[in-house]
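One structure is given below, encoded as structure tokens.
Chain naming here is simple, since letters A, B, ... match the order of the sequence lines and numbering starts at 1 in each.
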2 protein chains.
Amino acid sequence: MSSTDAVTIPAPVDDLRAWQSVLAHVEAQLLDGTLSPGDHLPPERTLAADLGVGRSSVREAVRVLEAMGLIRTQTGSGPSAGAIIVATPQGAMSALLRLQVAAQGFRVRDVVKTRLVLEAAVVADVAGAASPDLEPSERLLDAMDSSELTPQEFLALDAAFHVSLAAASGNEVVTAMMAGLRSSIEGYVQAGLAVIDDWEATAARLREEHRGILAAIVAGDAFTARARVHSHITGYYTQTALVTEAPPTPETTAVVAAPTGTGHIALSRRTAEQ
Amino acid sequence: MSSTDAVTIPAPVDDLRAWQSVLAHVEAQLLDGTLSPGDHLPPERTLAADLGVGRSSVREAVRVLEAMGLIRTQTGSGPSAGAIIVATPQGAMSALLRLQVAAQGFRVRDVVKTRLVLEAAVVADVAGAASPDLEPSERLLDAMDSSELTPQEFLALDAAFHVSLAAASGNEVVTAMMAGLRSSIEGYVQAGLAVIDDWEATAARLREEHRGILAAIVAGDAFTARARVHSHITGYYTQTALVTEAPPTPETTAVVAAPTGTGHIALSRRTAEQ
DNA sequence: GCGGTAATGTGGTCAGACCACAGAGAGGCG
DNA sequence: CGCCTCTCTGTGGTCTGACCACATTACCGC
């Protein structure tokens with residue numbers, strides 16, 4: 001692994017499989033700007049002819065691109081048909097994490113810990129932002145106040161609320177990861193419902209905690225927001241015995257122990273700053 | 001939105017495309033334990049016959065599974081041939097993030113910010129761990145001391161070092177994400193080399209910073225480890241003008257400024273858990 | 001017994017065909 | 001002249017059959 005020669009050119013040939021060469025071709029065109037979001041991929045038959053591969057190989061690459069959230073395919077004719085570059089990572093991230101959890105490549109414990117880290121950072125970030133758009137989050141909380149919700153519907157709104165916080169941070173990477181992490185353990189979360197004796201009490205507590213988190217964010221109190229998110233998430237998972245031990249996550253415990261207090265803090269508007 | 005009825009059961013039928021039904025079939029078998037890591041997927045022709053779809057549709061699903069890092073396919077015959085469940089998420093996560101960055105679904109800025117959050121949490125976690133295995137990280141640092149490395153080789157080892165820290169935390173989700181985040185902006189990192197006048201000086205600084213991070217971890221000082229990681233990462237990106245503004249990432253600056261002192265905090269034992 | 005060779009079963013690829021679908025255009029009708 | 005309908009065309013979605021490369025396994029001759 002030194003530097004200059006030494007390699008004697010082992011096998012610079014492309015022993016890529018046919019579909020991989022198609023994928024590489026598309027990726028290269030994305031990188032050099034030949035393809036951009038909104039553009040159409042060439043028709044499969046054309047692409048096959050251009051690259052000298054069979055249409056089925058092109059289709060396998062297209063399938064991967066679709067699964068990765070890069071394109072959207074549609075049958076028919078006209079401007080909206082065909083394969084269009086869209087770059088919607090959420091679904092792909094969800095699928096990836098969900099499958100990996102299903103195949104035991106990811107442990108639920110690690111998923112929860114990661115979610116804790118990301119979400120704590122998110123709320124701290126949003127709390128420190130100039131004028132975050134928290135309207136979607138608030139509307140979700142209002143929707144969750146309905147007493148007619150089934151536990152499943154409640155949890156769906158719950159998940160959407162948490163993702164909406166990530167969206168408010170403006171970080172699409174974290175947003176996609178949060179959505180994926182949540183969906184990957186959705187089955188376990190729903191299974192956790194079984195061990196809850198008094199669902200209404202639990203729902204009421206969750207509603208209160210959500211309001212508390214949002215209040216801390218609006219107040220611009222990052223410390224409190226972090227602490228509340230931490231206890232909110234660990235609370236549910238320990239209650240449902242989904243995760244045995246509550247991971248202390250040093251940085252958050254330190255924050256919890258911080259002397260900032262959890263009472264009403266300032267409520268400063270922190271308007272113009274950006 | 002609302003609650004009970006209203007939907008009139010829109011379309012419970014499976015208008016899944018053929019390849020999606022194959023994917024769903026495999027995922028269901030993963031979830032109920034019929035398939036586990038190490039198992040073989042049925043041969044494509046068998047699977048096609050069983051599910052009543054064409055072999056090409058099966059192949060598209062298999063291709064997605066392979067791209068998602070769930071299986072490894074091999075030609076030939078015998079126990080090692082065929083499609084085997086492996087669940088290796090790193091490559092898939094890297095591909096996903098890389099493609100999304102290429103397609104402008106993810107901004108480089110967000111990738112860097114996310115990396116900052118995750119890596120700060122990782123070092124704090126490892127610093128608080130009972131007996132983390134830091135030997136791989138140390139060996140990578142030793143390898144980076146060589147003066148014969150090209151910048152590219154140095155950066156490759158650099159990336160491996162950061163991923164090794166995540167691996168030391170034992171959280172495979174974060175490890176995969178870290179590897180993916182890094183690889184997704186690898187092109188930009190290498191492009192950043194161009195604006196560095198004195199590479200040797202930069203390399204020396206990076207070496208020193210790496211040692212400093214590892215030292216803080218070994219000392220169990222989570223706060224210092226976080227702070228050093230933060231400045232280490234932002235340092236390179238601001239130097240190479242990859243990210244214009246240095247994102248302060250409230251929680252880290254807050255932690256650095258926290259009055260708790262940098263002494264032993266946390267140090268949660270987290271002994272037997274595996 | 002042993003070595004070499006054929007058979008077998010797997011994924012990888014290609015070619016061709018057909019279908020469903022949706023827009024575009026030509027044509028007819030009022 | 002305008003509107004409506006109908007065909008035409010191009011797209012992805014799917015299936016079938018065929019062939020290849022490859023690695024193991026079984027068999028056969030020695």
Any base atoms under 4.0 Å from [X], or only sugar-phosphate, or nothing? Heavy atoms, all strands.
X       : answer
A/Val53 : sugar-phosphate
B/Ala81 : nothing
B/Gly76 : base

- Query: Just checking, is any N or O donor in the side chain of B/Ser169 or B/Asn171 under 3.5 Å from an acceptor N or O on the other one?
  - Reply: no
Separation of [N] [atom2] from [X] [atom1] (nearest whole Å):
X       : N      : atom1 : atom2 : value
A/Leu41 : D/dG12 : CG    : C1'   : 12 Å
B/Arg45 : C/dG9  : CZ    : P     : 11 Å
A/Glu44 : D/dG12 : CD    : P     : 5 Å
B/Glu60 : C/dT13 : CD    : P     : 13 Å
B/Leu51 : D/dC15 : CG    : P     : 10 Å
B/Arg72 : C/dG11 : CZ    : P     : 12 Å
A/Ile84 : C/dG23 : CD1   : C1'   : 13 Å
B/Leu47 : D/dT14 : CG    : P     : 15 Å

- Message: Base of C/dG11, side chain of A/Arg17 - is there a donor-acceptor contact under 3.5 Å?
- Response: no
- Task: May I ask you to verify whether the side chain of A/Arg63 and the base of D/dG12 hold a donor-acceptor pair under 3.5 Å?
- Result: no
- Note on the structure: Walking DNA chain C from its 5' end, the first of A/Gly78 and B/Glu66 to be reached, judged by nearest nucleotide, is B/Glu66
- Contact nearer the 5' end of DNA chain C, comparing A/Trp19 with A/Arg55: A/Trp19
- Under-4.0 Å salt bridge between A/Arg139 and A/Glu135: yes
- Message: Using modelled atom types and a 3.5 Å cut-off, is there a donor and acceptor pairing between side-chain atoms of A/Gln100 and backbone atoms of B/Met68?
- Response: yes
- Can any side-chain N or O of A/His40 pair as donor or acceptor with the backbone N or O of A/Pro79 at less than 3.5 Å? yes
Would you please confirm or rule out a distance under 4.0 Å between OP1 or OP2 of [N] and any side-chain N or O of [X]?
X       : N      : value
B/Arg59 : C/dG12 : yes
B/Thr73 : C/dG12 : yes
A/Ser57 : C/dC14 : yes

- Side chain of A/Pro79 only, please: which of C/dA24, C/dG11, D/dG13 is the nearest? C/dA24
- Item | Closest to the B/Thr75 side chain, choosing from D/dT24, C/dG12, C/dA22 | C/dG12
- Task: With rounding to the nearest 0.5 Å, note down the distance linking OG1 in A/Thr114 to CG in A/Leu97.
- Result: 9.0 Å
